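Below is one structure; the comments refer to it alone.
The structure displayed is predicted, hence computed values, not measured ones. Throughout, numbering of the chain's residues begins at 1 and tracks the sequence.
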Amino acid sequence: VELPSEEKDLPKLGFFPGSTIGNMVARTAVDLLRSMRETLGEGAKLMNGMDLIKDPAPMIAAYDAARGVTGEFNLNLVRRINRQLKADIPVEHLRHEARWNDEHARIEMHLVATRDLAFTVAGRDFVMVEGESLHTENSHKFSRRTSYTLLLAGGWDPQARWLDSQARFSLLLAEANPPQRALNVSKPSQERNATALAALGSYGRITHQYRNHRRRYGGAYVRPKTQSRRARGARLRQGARAGWAHGRTARRDCGADSPL
C-alpha cells in the first residue's frame with residue numbers, strides 16, 4: 001500500500017484491533033506485519049490486539065455457542081461455495097464444531113460430516129466419510145512471549161502492553177525501528193576482515209601440510225630426490241609459523257569489528 005505523498009513526513013499509527021491477526025498462521029501474520037511496516041515506515045507505531053491463552057473450556061463454549069451464531073457463520077462458507085462454485089455440498093449434513101489445538105495454541109473451526117457424503121465442487125467429485133471434517137478457520141491465542149516474538153519477526157519492537165481486568169485479551173503498542181544487526185561493520189573493517197580470513201585460510205593449508213608431513217615422517221614416506229626429508233620438514237615448519245604470525249597480525253588489525 002502506498003500512502004499519499006503529503007502524509008509522508010507525518011507521524012503514523014497503524015490500528016489493527018480485535019485479534020484478527022490470530023486468524024492467520026504464523027508465516028502469513030509475519031508477512032502482514034512486515035507489509036504494515038513497509039507501508040507506515042520507520043518510526044511508525046502499531047496498535048495491535050491479540051487474544052490470550054486461557055482455559056480451553058470457556059473458549060470452546062464461546063465458539064460453539066448454543067444460539068448457533070458462530071455455527072451459522074461457519075456454515076455460510078459452504079453456502080457460498082455452493083452458490084459461487086456451482087457445488088452441491090449438502091449443508092444439512094454438516095455440523096459445526098469448535099476444537100482446541102493445544103500444540104498450535106488455537107481454536108479451530110470444523111464442519112463435521114454427520115454421514116457419508118458425495119458431492120461436486122466446480123465439476124470435481126469429492127467424498128467425506130461420517131465423522132470427517134472440513135477445517136475452515138483458525139483463531140490463534142497468544143502469551144506475552146509469543147505475541148512479542150510475532151511482532152519482532154514482523155519488524156516491530158514492542159513498547160507497551162495492556163490487558164483487560166480478567167487478563168483475557170491484550171492490546172500491544174509497537175514501533176517500527178531500524179533493523180538490528182549483529183555487527184555494524186564498516187567497509188574498511190570488511191576489507192581487513194577479508195585479509196584476516198585469507199591469512200587464516202593460508203595458515204590452515206600450511207598447517208595441514210605440516211601435520212600430514214609429520215604423520216608420514218616415521219612411516220613409508222618417499223623422499224623427493226630434489227629435497228631431503230629434513231629440509232622439507234624445516235620449510236613446512238617455517239611456513240606454518242609465518243602463516244600463524246600473519247593471521248595473528250591480521251586479527252589484531254581488524255579490531256572489535258572482526259567476526260573472528
Side-chain angles (χ1 to χ4, degrees), residues 1-4 14-40 46-54 56-142 146-147 149-151 153-156 168-170 172:
V1 178
E2 187 172 345
L3 298 177
F15 189 54
F16 196 52
S19 197
T20 303
I21 201 165
N23 296 129
M24 308 171 191
V25 295
R27 62 181 178 272
T28 307
V30 169
D31 286 345
L32 176 64
L33 289 168
R34 289 177 178 174
S35 177
M36 290 177 175
R37 190 192 184 286
E38 183 178 354
T39 298
L40 297 174
L46 175 66
M47 188 74 75
N48 188 28
M50 292 190 182
D51 205 359
L52 298 177
I53 297 173
K54 38 196 170 285
M59 286 195 296
I60 291 175
Y63 284 89
D64 205 6
R67 289 186 295 177
V69 175
T70 309
E72 282 300 308
F73 176 83
N74 200 10
L75 288 166
N76 187 57
L77 174 64
V78 178
R79 296 188 182 101
R80 287 192 60 189
I81 292 174
N82 284 344
R83 184 171 63 252
Q84 297 179 5
L85 298 180
K86 298 180 179 179
D88 57 1
I89 305 173
V91 180
E92 66 277 10
H93 295 301
L94 292 173
R95 173 177 51 83
H96 165 73
E97 184 178 295
R99 302 174 184 174
W100 171 248
N101 185 324
D102 194 62
E103 181 179 354
H104 295 287
R106 70 191 184 196
I107 289 284
E108 296 177 353
M109 311 279 270
H110 289 259
L111 291 173
V112 183
T114 58
R115 64 176 179 84
D116 293 349
L117 302 177
F119 52 87
T120 60
V121 178
R124 295 184 59 185
D125 295 328
F126 296 89
V127 296
M128 292 178 66
V129 298
E130 183 178 355
E132 191 175 2
S133 71
L134 299 171
H135 182 180
T136 58
E137 189 179 359
N138 294 316
S139 183
H140 291 85
K141 311 304 175 184
F142 300 90
T146 57
S147 60
T149 299
L150 186 64
L151 287 169
W156 297 88
R168 294 182 175 181
F169 189 82
S170 66
L172 298 102

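Scanning both residues, Met50 and Ser147, for their nearest heavy atoms gives SD-CB, 3.2 Å. Contact detail for Phe169 and Ser19: the closest heavy-atom pair is CE1-CB, 3.8 Å. When all heavy atoms are compared, the tightest approach of Gly22 to Phe142 is CA-CE1, 4.0 Å. Nearest approach of Ala153 to Val30, heavy atoms of both residues: O-CG1, 3.6 Å.
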- Message: Evaluate Leu94 against Leu117 for side-chain contact (heavy atoms from CB on, under 4.5 Å), listing each step before the verdict.
- Response: CA-CA 9 Å; Leu94 292 173; Leu117 302 177; 3.9 Å; yes
- Task: For the pair Met128 and Leu134, evaluate side-chain contact (heavy atoms from CB on, under 4.5 Å) and give the outcome as yes or no after the intermediate values.
- Result: CA-CA 9 Å; Met128 292 178 66; Leu134 299 171; 4.0 Å; yes
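Counting heavy atoms of neighbouring residues, nucleotides and ligands inside a 6.0 Å radius, atom CZ of Phe126 exceeds 12 of them. Shown here is Lys86, whose NZ atom has no more than 12 heavy atoms of other residues, nucleotides or ligands within 6.0 Å. Remark: Arg83 CZ is packed, more than 12 non-hydrogen atoms of other residues, nucleotides or ligands lying under 6.0 Å away. With a 6.0 Å radius and a threshold of 12 heavy atoms from other residues, nucleotides or ligands, Glu38 has its CD atom at or below the threshold. No more than 12 heavy atoms of other residues, nucleotides or ligands sit less than 6.0 Å from atom CZ of Arg168.
Distance check, rounded to the nearest 0.5 Å: CE of Met36 to CZ of Phe15 gives 11.5 Å. Note: Leu150 CG to Thr146 OG1 = 8.0 Å, rounded to the nearest 0.5 Å. Expressed to the nearest 0.5 Å, how far CE of Met109 lies from OG1 of Thr70 amounts to 5.5 Å. Atom CG of residue Asp88 and atom CG of residue Asn82 lie 7.0 Å apart, to the nearest 0.5 angstrom. Interatomic distance, CG of Leu85 versus CZ of Arg124, reported as 12.0 Å (0.5 Å rounding). With values rounded to the nearest 0.5 angstrom, Asp51 atom CG is found 3.5 Å from Lys141 atom NZ.
Counting only distance, with no hydrogens or angles, the side chain of Asn48 and the backbone of Leu172 share no donor-acceptor pair below 3.5 Å. Of the possible polar contacts, one joining the Trp156 side chain to the Leu33 backbone as a donor-acceptor pair under 3.5 Å is found. Judged by distance alone, with hydrogens and angles left aside, the side-chain atoms of Asn101 form no donor-acceptor pair with the main-chain N or O of Arg106 at under 3.5 Å. With hydrogens and angles ignored, the 3.5 Å screen pairs no side-chain donor or acceptor of Ser35 with any backbone N or O of Asp31. Between the side chain of Asp116 and the main chain of Glu130, a donor-acceptor pair closer than 3.5 Å is present.
Residues Ser139 and Met59 form no side-chain contact, since every pair of their non-hydrogen atoms from C-beta on lies 4.5 Å or further apart.
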Review item, side-chain donor-acceptor pairs of residues 74-81, under 3.5 Å, at least two apart:
from  : atom 1 : to     : atom 2 : distance (Å)
Asn74 : OD1    : Thr136 : OG1    : 2.7
Asn74 : ND2    : His96  : ND1    : 3.0
Asn74 : ND2    : His110 : O      : 3.3
Arg79 : NH1    : Glu72  : OE1    : 3.3
Arg79 : NH2    : Glu72  : OE1    : 3.4

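Here Arg95 pairs with Glu97, Val112, Thr114 under the side-chain contact (heavy atoms from CB on, under 4.5 Å) rule; sequence neighbours left out. Residues forming a side chain to side chain donor-acceptor pair (under 3.5 Å) with Glu137 (at least two apart in sequence, or on another chain): Asn23.
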